[in-house]
Amino acid sequence: MTNRNKLLVLLASVLVLASVAGVVGWSYQADRKDHVQAGKPAAGAGTVSLAPGGPPRIVFRSLEYGPHRDELSSVPADAPDGPRTYSGVKCMRFYAAAGTGICLQSEMGAYSETYTALVLDSSLQETRRIPLAGIPNRARVSPSGHMAAWTVFVGGDGYAQKTFSTRTSILDTRTGALQPSLEEYAVTKDGKPFHPADANFWGVTFIDDEHFYATLGSGGKTYLIHGDVTTKTATTLRTNLECPSLSPDGTKIAFKKRVPGLPENLPWRLYVLDLKTMQEHPVAETRSLDDQVAWSDDNNLVYSLPDYDAHLYTVPADGSGAPRVLAREALSPAWVR
Amino acid sequence: MYVSESRGSTPAATTPTARGLFPGRSAVPTTVLVLGTVSLVTDISSEMVTAVLPLYLVAGLGLSPLGFGLLDGVYNGFSALVRLVGGHLADRGGRHKTVAALGYGLSAISKPLLLAAHTLPLIGAVLAMDRTGKGLRTAPRDALISLSSPPETRGRAFGVHRAMDTTGALLGPLVAFLILRQAPEGYNVVFTVSFCVAALAVIVLLLFVPSRAPELGATPASAAERPSLRAAVALLGRRELRRLMLCAVVLSLATVSDSFIYLLLQRQLGVPDRWIALLPLGTAVAFLLLAVPLGRWADRVGRWRVFIGGHLALLAAYGLLLTHVQSGWLPYAVLALHGAFYAATDGVLMAAAAGSVPAVLRSSGLALVQTGQAAARFVGSIAFGAAWTAWGDRSALIGAALALALSLVLSIRLRPAAEHSAAEGSAEEKGVTGSD
């Protein structure tokens, strides 16, 4: 081939490949144009509030395609798949209790995404803003609304290798005091200090403003820990227990359990631990999940499944019944009563 | 210092200079520029995916990337083994271009497959395919660079290639985030564009890289020219290559992996959390800026010296990490030294190794050195992780610094006559290439 012909072939290839990329980009735009899709519940009028009182409602991140995708929206607790009231506030992860909300946001930068934690008051006004080190993953608020905690995935080595670790932070929303990482905590395991270098913490669930449960992962094992915010100490209680979520009455913990024989990528089943008897049992959901579940009341769990669809499912906590869809295209629910 | 090597060169070996894009002023051979372009374009494609993959896994698919990080270590080991296979296949009959094209092609078609893979095992399989491609192409590509550049400017040729490669790696995330800004959650668009870019690189390679390395001559492969696997293994019997590899391995054992460096920077020097994602950028920029000057310098003062100098820069970086100075410029200094370490060692080692491997076994020889180095880095990384667990980050780093200092002493002692031996290597080289 002469050089001229080679250049012609190159030019033709550039044109063809550019058209392929262009067509895909264009069809993406056409597919997800900012209009409400047919067959979806219409958006209701009104404002989203986190203030306790009034009719019980669920506030969550809406994943419905259209102009309000990713916005916090609220629905009546007794009609979770009904018309949504949108707020205009976009979050990746969200949780709320007693009039305090925590909203973990992402913003597209030039070279990487940047992430922020926002503390919201009951009218969704930002009261505090904290930059985050990585991709938001878990968010929780203490029952009083005073304390907030979140977990992010930190992958600070994208250029050559991909290793991820988690970082969990706790914030006192009253004083603004921030504990940037639970790795500063003194952990006790079997009565002895436990400080592995590969320790990762995630999934805080608050008992009250001073105490919480969370997961500590190290050496391929996971532990349920009981932590104390004031003394910055924690004790391991149990192994193979991830992403604990304490029931509103404080008697049970729902969690992910790694069950042998399941695929390596999604090895978890949803279990419930009774804190009085320390007995655990599986619930009726047989699919693997990777979420920190929410409790809609003292007897029912709500969660999302990876890689199925973007729906919220619910299942009884006592192991009876069967899972069913609670709300379509929704994530990170919080009950406001 | 490489006088005797260049004097002994056949006309075929020197033609690339004349064929350079900028004749007259000892230009970089066209083939090196083409291979640089191929790497640049490929790296845009692959780093686009790397940049958005964690986000895609977590935000798009709802998976946690923790397990994925673990898998990745396994792939990197796998890729190092495939490299040996690629190196050997390329040497058989001088099929560097074919094997490289296969490698680039394999990585290119793994991109659209990401669109279909929605579970972690499938994504893992697709990424394994991508790494296989990378493993296959690296040694033949580096062999082509060394075979198409005259020995006395090899350091610069590798410097130019690595600078172009890194430019692509820096542009990749930029392109990806520009796309995501236009099309929120448009991961499909990112993967498709990534595929188109990768395919373009393969086309550039197929069109503009000569099918036979000039140094091997224009004659088609003869049976006599097909090096056996035994010949490839016998390379280790060469004193020069064995010493070079031994030094590279010992030094790599004491090399702390990038992620640990960034973690230490963040912990010891208190770099704010939100900067974590930008730390590798600092290393890459320093690498990009220094690759060509250090490559040229290596050609002048000797590749071995610059290679040792690169490890001294790394030792200095360890030293800075161990200080308790909380100065604002310290992180920049550490990243600059870290980038300088890569610029003085990555391409320079290949240029040095090329001198002690005959042309017909070039690809196997370079693959051997690269795999040895990668394996040593892996072992070193595990040892460092264990030391960190046992004694804490500071003590582990002190240990790594001591190990590096010791390895440097050993390497300097082991190779005082290094630059003479390169000439020896070239004499042998002529003996083997005598077939044309």
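So that the names make sense, note that chain A is the first sequence line, chain B the second, and so on, each numbered from 1. No hydrogens, no waters, no symmetry mates; every other heavy atom, side chains included, goes into these values.
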Closest heavy-atom contact between A/Ala21 and B/Val193?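 Looking at all heavy atoms of both residues, the closest pair is CB-CG2, 4.0 Å.
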Could you report the tightest heavy-atom contact between A/Met108 and B/Leu180, atom names first, then the distance?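 Reported closest heavy-atom pair: CE-CB, 3.4 Å.
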Atom group of [X] that falls short of 4.5 Å from chain A, counting heavy atoms:
X: B/Ala199; answer: both
X: B/Ile203; answer: side chain
X: B/Leu278; answer: side chain

Side chain from CB out, backbone as N, CA, C, O: work out which of these in [X] comes under 4.5 Å of a heavy atom of chain B, or both, or neither.
X: A/Ser112; answer: both
X: A/Leu10; answer: both
X: A/Pro180; answer: neither
X: A/Glu107; answer: neither

A side-chain contact here means heavy atoms from C-beta on lying under 4.5 Å apart; do [X] and [Y] qualify?
X: B/Asn188; Y: A/Tyr28; result: no
X: B/Val197; Y: A/Leu17; result: no
X: A/Leu7; Y: B/Phe208; result: yes

Would you give the length of the straight line joining atom CG of B/Leu207 to atom CG of A/Leu8, rounded to the nearest 0.5 angstrom?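 Separation between the atoms: 10.5 Å.
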Using a cut-off of under 4.5 Å for heavy-atom pairs, which of A/Gly109, A/Gly22, A/Ala199 has the most such pairs with chain B?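 Ranked by heavy-atom pairs under 4.5 Å with chain B, first place is A/Gly109.
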Any idea which of A/Asp291, A/Asn5, A/Asn137, A/Val14 has the most non-hydrogen atom pairs under 4.5 angstrom with chain B?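 Of the candidates given, the most pairs with chain B belong to A/Val14.
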Report yes or no: does A/Tyr111 contribute a side-chain atom to a donor-acceptor pair with the main-chain N or O of B/Leu170 at less than 3.5 Å?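 Between the backbone of B/Leu170 and the side chain of A/Tyr111 there is a qualifying donor-acceptor contact (under 3.5 Å).
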Hey, which of B/Ala183, B/Gly172, B/Ala176, B/Ala396 has the most heavy atom pairs under 4.5 Å with chain A?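 Heavy-atom pair counts peak at B/Ala183.
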Take a 6.0 Å sphere around NZ of B/Lys134 and say whether it holds more than 12 heavy atoms from other residues, nucleotides or ligands.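 Atom NZ in B/Lys134 is not packed in, count stays at 12 or less.
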